[in-house]
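Take a look at the structure set out below.
Reckoned from all heavy atoms, side chains included, excluding hydrogens, waters and symmetry mates.
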Amino acid sequence: MADYTPQVIEQKWQARWRDARAFEVSADPSRPKFYCLEMFAYPSGHAHVGHVRNYMIGDVVARLKRMQDFNVLHPFGWDAFGLPAENAAIKHGTHPEAWTLANIAHMKGQLQRLGISYAWEREIATCLPEYYRWNQWLFIRMFERGLAYRRRSTVNWCSSCQTVLANEQVVDGGCWRCGTVVTTRDLEQWFFRITSYADELLDAIDDLTDWPEKVLTMQRNWIGRSEGARVRFPVLPPGGDTSTADAADAIEVFTTRIDTIYGATFVLLAPEHPMVARFAAETGGGASLVDRANRFRAQDRMARLTGEIEKEGFDTGRTVLNPFTRTPVPVWIANFVLPEYGTGAVMGVPAHDQRDFEFATKYRLPIKIVVQPESRPLGEGALEAAYSDEGRLVDSGEFTGMPASEAVIRMAEAARARGLGERTVQFRLKDWGISRQRYWGTPIPMIYCDGCGIVPVPDDQLPVLLPTIAEFSGRGDSPLAQVPEFVDVACPRCGRPARRETDTMDTFVDSSWYFYRFCDPRNAERPFDPADVAYWAPVDFYSGGVEHAILHLIYSRFFCRVFRDLGMVRHDEPFARLLTQGMVLKDGAVMSKSKGNVVDPDDMIGKYGADALRLYVMFVAPPEKEIEWTDAGLEGSFRFLARVWRLVDHLAGTLAAARAPVPGGAALDDDQRALRRKTHDTIRRVTQDLYPKAHLNTAISAVMELVNDLYLFCDRPDVGLGGRRADEDATPVTAGPGTLAVLKEAVEALVLMLSPFAPHMSEELWEALGHRDGVVAAGWPAFDEAVARPEAIVVPVQVNGKLRSRLTVRADVAEAELERLALADPVVRTHTDGKRVVKVVVARGRLVNVVVAS
RNA sequence: GCGAAAGUGGCGGAACUGGCAGACGCACCGGACUUAGGAUCCGGUAGCCGAAAGGCUAUGGGGGUUCGAAUCCCCCCUUUCGCACCA
């Protein structure tokens, strides 16, 4: 008997798969396709078990689907641009490219040693010009359609390093390298107009029926649609003269509660609001106004990091006209008003908004009740908190007496009729700022010409290559700006000297469409051939971390629509089914290099083999759940595989030689029929658990049960697998044709069912069973529902809902018979004797419940 | 604060559409085999009472619906995650 030596077997099969190009595919419209994708990887250096869990999950699905005769696209690639490469360059002097490519090489080896069945010939890395040129191409298409535009926006700035910082480089309000307090700077930056698709992205969420509800909720909240109205509060001159009020010169606010506008006793501006500068200019002592506003702006940055801030504000000394009450109300600047949401200005209705209430209480601003609940009227002056629920309007002019919900609509109409405002829909979702003042990213293909303005790089001059930079100091606002050969360029339109854009793109651009590139990864003419994408896309099964629930998955849905509107893809949604896999914890914490609790898959492969590692990770919990790493659990999986190995290895020669079709039912004895039933029932359970349910853990449980039954079945002299086995010479198998037939059926099904989880060992055993063409050619085992069905069933019998006995009966027993047997059961009788049987509930095949009254 | 999900043996977890709670594994205990066993094969293992048959209790806590609830409804507690002044 040969021992189970995973390392030898695994290398053998990995080489075979590679040589046979086993997982390479091409579009074939005559076959059903299945696109199985795991989120591609950032090449950080070494993959730990937490990273690779996702790839194992996807691999089980890919291998299953292949066996079910789908044409399976299962590609992999690298999200290879990004900040860590640049940080490594600054710290260690390695070039980002060298660092990245070395990491890719190492991690690719790790994945290959795990036996993940990727179509490696389709591998892509986003940092290569063959890939990123299509980012540039798409950017230009978006620019042409007004989907890419430029405006001023704020970035983090370290005055000591003289550099822009990404959000993740800001640590506790300071620079990650020197600790200097981070300030802000306004720069011209590029944006993608994702808000054009806000409504569609929101509405289509309802169609994503195979996504986790949690992710859909997060996306809905992120898009944050709210219906309301914009209302203009005319600006009054410094004296407060109401006769000059003019809706054209006004502070516009956004509100969802225009019904409360008669209670608006002040207006609040964000510190960044443009009106602040105007007031300062018009009013004496204006400088202090700007100073105080700026103090809020600085404070706001710190507050984001520390959590809570106290609501604060100050009076600008100016007033605006409440357009409904026609009375002047003061304008304040408040630190909690967000500049980027709505209009950056809100009306303060302290009686009916909790924030306004707190603000008004603090600064003794008037509180006016305009909505009264039906039941308990609110007492003026006795208000302890804002009342923001439904009610009827009071003190609201012609709208008095109207239900608030109706007034929301009526008053918006009135505002529009009077030219004071209109109904609008406001989104929390903002346009996507993609400019990064970084080196290691896709150069934005734009040229600035003094004569022609902003000119895109012509398509035939793409890609705009990233120049090689020798030194990374981490200083300066944009590394590319320091490379004259890069910056200086002739204007494509007029030929005169011009300057290139020196910012690079957010790496989320790269990951927003890579799943299309996989369909046609070597295309040098276009991002992809629409025919290839039409065949493969959408992705049927997409799995990855829940941390991408919002950004990556919304951006990808956005890009899908952009490509659709460019006529390049035909579907509306890129990912049909999404699975968010749980993290792997060790010692109660997420694995991370800094915590020093990472488990390297290579170490585990060295000890137990890739198959055991895969099986353990799949078995220990459902894929969506987090798992706690235990060495003991891995060892258990190894023991299970070794147990399968011993069983199959003992029988393989005999079974390979046996020509043993399963005889008709009557020819089998009870044990043989029971094994057959178990075999077919297991196939049924595993098939149903695996896809689309992805209950990988329970599928493995079912296979383990089959193995346990097989061991018991084989504990008979003519099979010779009783007693101790490990170091004993094999006893010859002398069983007759019936036994051999059911054994062969069971063992072959076992090996095939195990193959998505433990592919190397399964191939090895499949070969030992006399098959030359591998498990995919064999196909996924089929089950016969009639065989899987038990002949005899055990029916529990309850009395008043308490389990009292069990009846073993034929599966097709009649209800009346079941009732009769239940009432005759001696144990049941002890609980029913002397009592009146009220009724007997018979759930056929499942349970009998006898209800008695005492 | 708001929203979502989840609480089941010593542990990870299972349980179809409301129908035997604890599949499968880990750990532990016992048996066999053995010079040996940390290998292997077989068996046991929610708690309590009982010699056994059997009984009682049990799915975070409390109520409810039902012949019957881990599962459905209400209240509370805890944990995790997401959003956190979005007007």
inquiry  = If I take atom CG from residue A/N849 and atom CD from residue A/Q798, how far apart are they, to the nearest 0.5 angstrom?
reply    =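 If we round to the nearest 0.5 Å, A/N849:CG and A/Q798:CD are 4.5 Å apart.
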From CG (A/D353) to CD (A/E358), nearest 0.5 Å =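 Interatomic distance, A/D353 CG to A/E358 CD, rounded to 0.5 Å: 9.0 Å.
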Salt bridge or not between [X] and [Y]? Use side-chain N to carboxylate O under 4.0 Å.
X      : Y      : value
A/D199 : A/R225 : yes
A/E817 : A/R820 : yes
A/D833 : A/R829 : yes
A/E626 : A/R53  : no
A/E340 : A/R428 : no
A/D356 : A/R257 : no

ask   = Should the ring pair A/F359 and A/F266 be called parallel, tilted or perpendicular, given that the plane angle runs from 0 to 90° and is split at 30 and 60?
value =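 Answer is tilted, since the angle falls between 30° and 60°.
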task = Look at the aromatic rings of A/Y262 and A/F324 and report parallel, tilted or perpendicular, splitting at 30° and 60°.
result =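 It falls in the perpendicular class, over 60°.
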Among [options], the nucleotide that comes nearest once only the side chain of [X] is considered:
X      : options             : value
A/R643 : B/C42, B/G13, B/A87 : B/C42
A/F336 : B/A23, B/C67, B/A87 : B/A87
A/S701 : B/C85, B/A23, B/A21 : B/A23
A/Y341 : B/A23, B/C86, B/G55 : B/C86
A/D353 : B/A87, B/C24, B/G12 : B/A87
A/A621 : B/G13, B/A21, B/G19 : B/G13

Mind checking if [X] touches a base, just sugar-phosphate, or nothing, with heavy atoms under 4.0 Å?
X      : result
A/L712 : sugar-phosphate
A/R806 : base
A/V703 : nothing
A/V346 : base
A/V794 : base
A/N708 : sugar-phosphate
A/N697 : sugar-phosphate

task = For the residue pair A/N708 and A/R643, confirm or rule out a side-chain donor-acceptor distance under 3.5 Å.
result =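 A/N708 vs A/R643: donor-acceptor pair found between side chains.
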Between [N] and [M], how far is it from one [atom1] atom to the other, in whole Å?
N     : M     : atom1 : answer
B/U35 : B/A51 : P     : 40 Å
B/A36 : B/G43 : C1'   : 23 Å
B/G62 : B/G13 : P     : 25 Å
B/C72 : B/U17 : C1'   : 12 Å
B/A70 : B/G31 : C1'   : 36 Å
B/U65 : B/U71 : P     : 15 Å
B/A39 : B/A27 : P     : 9 Å
B/G25 : B/A14 : P     : 15 Å

Between atom [atom1] in [X] and atom [atom2] in [N], what is the gap in whole Å?
X      : N     : atom1 : atom2 : result
A/Q798 : B/G19 : CD    : P     : 11 Å
A/R846 : B/C20 : CZ    : P     : 9 Å
A/M618 : B/G12 : CE    : C1'   : 15 Å
A/E624 : B/G13 : CD    : P     : 12 Å
A/E626 : B/A5  : CD    : P     : 17 Å

request  = Scan every strand shown for a Watson-Crick or G-U wobble partner of B/A70, both distances under 3.5 Å, and answer none if you come up empty.
outcome  = none
key: Complementary nucleotide of B/U40, counting Watson-Crick and G-U pairs under 3.5 Å   = B/A32
Taking only side-chain nitrogens and oxygens of [X], does any of them come within less than 4.0 Å of OP1 or OP2 of [N]?
X      : N     : value
A/K625 : B/U80 : no
A/R685 : B/C24 : no
A/R355 : B/C86 : yes
A/R639 : B/C26 : yes
A/Y711 : B/C42 : no
A/R804 : B/C56 : yes
A/H352 : B/A87 : no

ask   = Among residues 217-233 of chain A, which residues get a heavy atom nearer than 4.0 Å to RNA chain B?
value =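 By residue number: A/M218, A/S226.
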query = Does anything in residues 630-637 of chain A reach RNA chain B, meaning a heavy atom under 4.0 Å, and if so which residues?
reply =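 A/A632, A/G636 - these, ordered by number, are the residues of the stretch whose heavy atoms sit under 4.0 Å from the strand.
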task = Please tell me if the side chains of A/E705 and A/D681 come closer than 4.5 Å, counting only heavy atoms from C-beta onward.
result =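 SC-SC contact between A/E705 and A/D681 ruled out.
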key: Close side-chain approach of A/E624 and A/Q581, heavy atoms under 4.5 Å   = no
key: Where the chi angle of B/G9 falls, syn if within 90° of 0 and anti if not   = syn
